[in-house]
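In what follows, a single structure is set out as structure tokens and then discussed.
Reminder, nothing fancy here: chain letters follow the sequence lines and each chain counts from 1. What you see below is based on every heavy atom in this structure, not just the backbone, and it leaves out hydrogens, waters and symmetry mates.
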Protein chains: 2
Amino acid sequence: MKEQFYKYQYPHPAVTVDCIIFGFDGQNLKVMLIQRKSEPFAKMWALPGAFVDENESLESCAERVLQKEGNISGVYLEQLFTFGSPSRDPRERVISVAYMGLVKTADFELIAGNDELQIEWKDILEVGNLAFDHNLILTTAIDRIRGKIRYQPIGFELMNAKFTIPQLQQLYEAILGKSLDRRNFRKKLLSMQILKQLPEKQQNVAHKAASYYEFDRERYDVLMKEGIYLELV
Amino acid sequence: MKEQFYKYQYPHPAVTVDCIIFGFDGQNLKVMLIQRKSEPFAKMWALPGAFVDENESLESCAERVLQKEGNISGVYLEQLFTFGSPSRDPRERVISVAYMGLVKTADFELIAGNDELQIEWKDILEVGNLAFDHNLILTTAIDRIRGKIRYQPIGFELMNAKFTIPQLQQLYEAILGKSLDRRNFRKKLLSMQILKQLPEKQQNVAHKAASYYEFDRERYDVLMKEGIYLELV
DNA sequence: TCAAAAGTGTTAAGTGTACACCCATGA
DNA sequence: TCATGGGTGTACACTTAACACTTTTGA
């Protein structure tokens, strides 16, 4: 490697942003995976990603990946971790900044890009061997979302604007990988007063219809400003 | 910029690791700062850092910085966040991976490197304008340590191997920026059984001598393995 | 009328918080 | 003997966790 075109006479690695996009379909927690077309790791499944452009922030790069794969914007994104082992890419040194995103699968229309054979939502319990160190990135992301969902209302990013309490509970159970007590879940959630009950109820269900709620972001922001710490589970 | 020497035909930014090294001197929380010798931002204070070497992991790079500045190794280090705004360095694009370290100031002998006019422990309440986006990096680190100290025993990294409970409380108060109830602090800490009382006591103090304790890492690891969640404050 | 999921309240145990006095030590 | 900080216990409020029956709806 030579760097005579750069101001700083130091190595210049390639830098990518890889995205762990979690999706919820109402039942299970999924993650967006693509099947690679080209080497290295051709035909293997991997996390979607992109090389960082010259005048693009890391976050914009993550947004660009989402746009490319599903024509989606305005979703929840947070930086997860930066993976920089010198040998994580067999071709040359590539440092990867991982971003985690949360979406409703129904909002996405997955479209395989030019470099991809396929794109799919995979259940997080059924992910096999991934390219590069992407299994490590994924487990790091799962740990993060499990920790974070307990005290930040990121779960609502994965729900439709209106949802029932049992639906929300199903999401929490899918993420945490264990079941929760119905009565206590509802009680705690309602006691925070961050849900607004809507007049509507579920339609055409063969049992008692659950009523719809929506997340009260204003109320949540007020509570946060007051420094109130909400443990959601 | 040209990249004809690289396998991947994409931009290759420079990548640095910047270190936020917090130190505790028994009274106040300090951060290690260097005064830059060269442009850009010559003479300004900044966080110590280094460009990532070709065959060096990000963590090794952070360790190298610590070695260089204070001849220290084996301390607590964790990755904080990656800062990648395209304009954060006026010369060319530089992506910075920030690492946070925790040390006892007494263990360090600060030695200004070749690129540095001075190196100093600055009280976190007295830090002025820093070079680049280093004020942002520092406030991010302070937020992180405040959040983390509540449920992970990282505070012990800042203490000597043996310490008194009031000393530990002083550290917590310095980090959290508020005072805590002596009785409750002690009660909670002891109830976790992660401290071992030593037979020794303080010497030559003009009041009742406090007894020394040490952190029981084995016991802590057992508790963690059992999935017990300890809120330390 | 059946199956399936929604909705509801109480109790016991544990935890957090507030608070005031005595103790040991060197000056 | 005084000043200084170390060390201790209790009571109350609140939160968590466990648990079973009734209601609504479409098939």
Side-chain angles (χ1 to χ4, degrees), chain A residues 25-28 149-151 159-160 162-174 176-214 223 226-233, chain B residues 25-28 147 149-151 159-160 162-174 176 178-214 223 226-233:
Chain A
D25 60 3
Q27 308 275 9
N28 297 111
I149 201 171
R150 295 182 157 277
Y151 58 92
M159 305 297 295
N160 293 316
K162 56 182 198 177
F163 51 85
T164 68
I165 291 180
Q167 281 167 3
L168 186 63
Q169 182 173 346
Q170 183 145 28
L171 169 66
Y172 272 72
E173 292 179 343
L176 297 175
K178 63 178 186 190
S179 53
L180 304 169
D181 183 277
R182 281 213 322 283
R183 282 161 291 198
N184 294 336
F185 184 81
R186 169 185 298 271
K187 204 186 323 172
K188 186 153 190 181
L189 212 56
L190 291 176
S191 74
M192 294 174 189
Q193 301 180 269
I194 54 172
L195 294 188
K196 272 191 289 209
Q197 187 166 11
L198 301 175
E200 311 154 63
K201 294 197 166 193
Q202 278 183 323
Q203 302 279 327
N204 299 320
V205 286
H207 52 78
K208 182 166 174 179
S211 64
Y212 281 113
Y213 290 82
E214 61 182 19
L223 291 175
E226 288 172 4
I228 291 172
Y229 183 85
L230 306 174
E231 265 197 44
L232 295 163
V233 188
Chain B
D25 61 3
Q27 308 276 10
N28 297 109
I149 201 171
R150 295 182 157 277
Y151 58 92
M159 305 297 295
N160 293 316
K162 55 181 197 179
F163 51 84
T164 69
I165 290 181
Q167 282 167 2
L168 186 63
Q169 182 172 347
Q170 183 146 28
L171 169 65
Y172 272 72
E173 292 179 343
L176 297 174
K178 64 179 185 189
S179 52
L180 304 168
D181 183 279
R182 277 208 331 279
R183 282 159 292 197
N184 294 335
F185 184 81
R186 169 184 300 269
K187 202 188 324 174
K188 187 152 190 183
L189 212 57
L190 291 177
S191 74
M192 294 173 189
Q193 302 180 268
I194 55 173
L195 294 188
K196 273 192 289 207
Q197 187 166 10
L198 301 175
E200 312 154 61
K201 294 197 166 195
Q202 278 183 324
Q203 301 279 329
N204 298 320
V205 286
H207 52 75
K208 184 168 172 180
S211 64
Y212 281 112
Y213 291 81
E214 61 183 18
L223 291 174
E226 289 171 3
I228 291 172
Y229 183 85
L230 305 175
E231 265 197 45
L232 295 163
V233 188

Let me know the distance between CD of A/Q203 and C1' of D/dT24, rounded to the nearest Å.
-> 13 Å
Residue set satisfying side chain to side chain donor-acceptor pair (under 3.5 Å) with B/S211, at least two apart, ordered chain then number -> B/Q197
For B/Y172, which residues count as a ring-ring contact (aromatic ring centres under 6.0 Å, His included) partner, sequence neighbours excluded?
-> B/F185
May I have the distance from B/L189 (atom CG) to C/dT15 (atom C1'), rounded to whole angstrom?
-> 16 Å
Residues that A/K201 engages under side chain to side chain donor-acceptor pair (under 3.5 Å), provided they are two or more places apart | none
Identify all pairs in which a protein N or O lies below 3.5 Å from an N or O of nucleotides 11-16 of chain D, and state each distance.
{"from": "D/dT16", "atom 1": "OP1", "to": "A/K188", "atom 2": "NZ", "distance (Å)": "3.0"}

Taking CD from A/Q169 and C1' from C/dA6, how many angstroms apart are they, rounded to a whole number?
-> 11 Å
Within the sub-3.5 Å range, which N or O atoms of nucleotides 2-7 of chain D have a protein N or O partner, and how far apart are they?
{"from": "D/dT4", "atom 1": "O2", "to": "B/A206", "atom 2": "O", "distance (Å)": "3.1"}
{"from": "D/dG6", "atom 1": "O4'", "to": "B/K208", "atom 2": "O", "distance (Å)": "3.4"}
{"from": "D/dG7", "atom 1": "OP1", "to": "B/S211", "atom 2": "N", "distance (Å)": "3.0"}
{"from": "D/dG7", "atom 1": "OP2", "to": "B/R186", "atom 2": "NH2", "distance (Å)": "2.4"}
{"from": "D/dG7", "atom 1": "O5'", "to": "B/R186", "atom 2": "NH2", "distance (Å)": "3.4"}
{"from": "D/dG7", "atom 1": "N7", "to": "B/R182", "atom 2": "NH2", "distance (Å)": "2.9"}
{"from": "D/dG7", "atom 1": "O6", "to": "B/R182", "atom 2": "NH2", "distance (Å)": "2.3"}

A/D181 atom CG is separated from C/dT10 atom C1', nearest whole Å, by 13 Å
Calculate the interatomic distance between B/M192 atom CE and C/dG16 atom C1'; express it in whole Å.
-> 12 Å
Applying side chain to side chain donor-acceptor pair (under 3.5 Å) to B/Q202 and not counting sequence neighbours gives none
Does B/E173 use its side chain to pair, donor to acceptor, with the backbone of B/L180 at less than 3.5 Å?
-> yes
On DNA chain D, check which nucleotide each of A/N204 and A/N184 is closest to and give me the residue with the more 5' one.
-> A/N184
Identify, with sequence neighbours excluded, every residue that meets side chain to side chain contact (heavy atoms under 4.5 Å, CB included) alongside A/K162.
-> A/L198, A/E200, A/Y212
Sequence neighbours excluded, which residues qualify as side chain to side chain contact (heavy atoms under 4.5 Å, CB included) partners of A/D25?
-> A/Q27, A/N28, A/K30, A/T105
Partners meeting side chain to side chain donor-acceptor pair (under 3.5 Å) with A/E214 (sequence neighbours left out) = none
